[in-house]
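Right, one structure below, let's go through it.
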Amino acid sequence: MTSPQVLYETCASVATITMNRPDVANAQSSELIDELDAAFERADEDDGVRVVILAGAGRHFSSGHDLKALVGQAEPDYWRTLRETPEGKFRHEKVMYYDRCTKIRNFRKPTIAAVQGSCIAAGLMLACMCDLIVAADNAVFSNPVLKMTGAGVELLVEPWELGIRKAKEFLLTGETIDAQEAWRLGLVNKVVPAGQLMERARELAGKVALVPPITAQIVKDSINHTADLMGQSSSWRYHFMAHQFTHNTATALAALQERKSRSTLKEVFADRDRGDTIVPPH
Ligand code: ZN
């Protein structure tokens with residue numbers, strides 16, 4: 001694919017990094033994740049950039065990982081063969097999901113996610129790596145992967161973002177949270193009219209950009225450190241290993257084979273929505 005999957009632009013002291021696969025709701029392909037990383041590197045190196053906005057082109061912020069790779073419909077990439085083994089899958093998810101996401105969480109400059117439409121599973125994980133989240137009033141958050149055998153996604157953001165009890169409900173039911181509910185729970189900072197999303201995110205970025213960069217960096221880092229003292233990073237390390245174990249259970253491997261036998265994502269989602277129904281013995 002030749003067209004960039006991530007766009008980069010700067011205006012005054014704000015860099016905007018935009019996931020650019022609107023035709024597939026910004027599903028995160030390996031290429032997109034690599035380009036995202038490169039865009040953050042670029043923003044890091046540019047001393048003129050004080051704040052980064054992370055956005056998604058089109059109607060949706062991100063539908064999460066590119067599931068087409070899981071049903072063998074995506075372009076082969078470097079990881080295709082590797083992730084067929086538990087060792088390779090571990091490495092793939094550590095490098096491409098865990099490390100890349102925590103790198104954004106620890107990015108030295110303040111970051112703002114501008115979220116509209118669907119923000120699903122790894123899309124939610126990615127948004128939560130940003131320091132602030134501005135949601136359009138049409139934003140909808142969900143992580144419906146448990147019925148597909150996934151133990152959440154690679155970083156368990158939910159307890160930190162929603163509180164323990166809501167996190168359990170959100171994950172175990174796969175139900176969605178709308179923008180107002182997300183604001184009430186503290187998952188997002190602001191809810192704005194969908195047509196004003198980028199304008200309002202830039203307005204917020206402009207306010208943050210008034211803080212001297214070193215001060216912003218230190219305060220951000222100190223707040224992240226507070227979260228670490230509360231156990232965030234070690235709970236994430238634990239969850240990542242538990243998540244890997246779950247990928248390799250007989251249950252998950254059987255479901256993966258079944259997914260590969262499906263020819264469209266629509267069928268995969270129909271399987272998911274049906275759930276793990278118990279077949280009575282006969
Ligand atoms: Zn995984």
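Just follow the structure's listing: the first ligand is 1, and inside any ligand the first atom is 1. All heavy atoms count here, side chains included; hydrogens, waters and symmetry mates do not.
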On the 0 to 90° scale, with breaks at 30° and 60°, tag the H239-H243 ring pair as parallel, tilted or perpendicular.
tilted

About how large, to 10 degrees, is the angle NE2 of H243, then the Zn ion (ligand 1), then OE1 of E93?
100°

Which single N/O/S atom of E154 lies at minimum distance from the Zn ion (ligand 1)?
OE2

Checking distances from the Zn ion (ligand 1), one finds that the N, O or S atom of H247 closest to it is NE2

Test item: N26 side-chain N/O and R21 main-chain N/O as donor-acceptor pair under 3.5 Å
yes

Do the side chains of D276 and K147 get close enough for a salt bridge, i.e. N-O under 4.0 angstrom?
no

Has the side chain of N224 got a donor or acceptor atom that lies under 3.5 Å from a matching backbone atom of R105?
yes

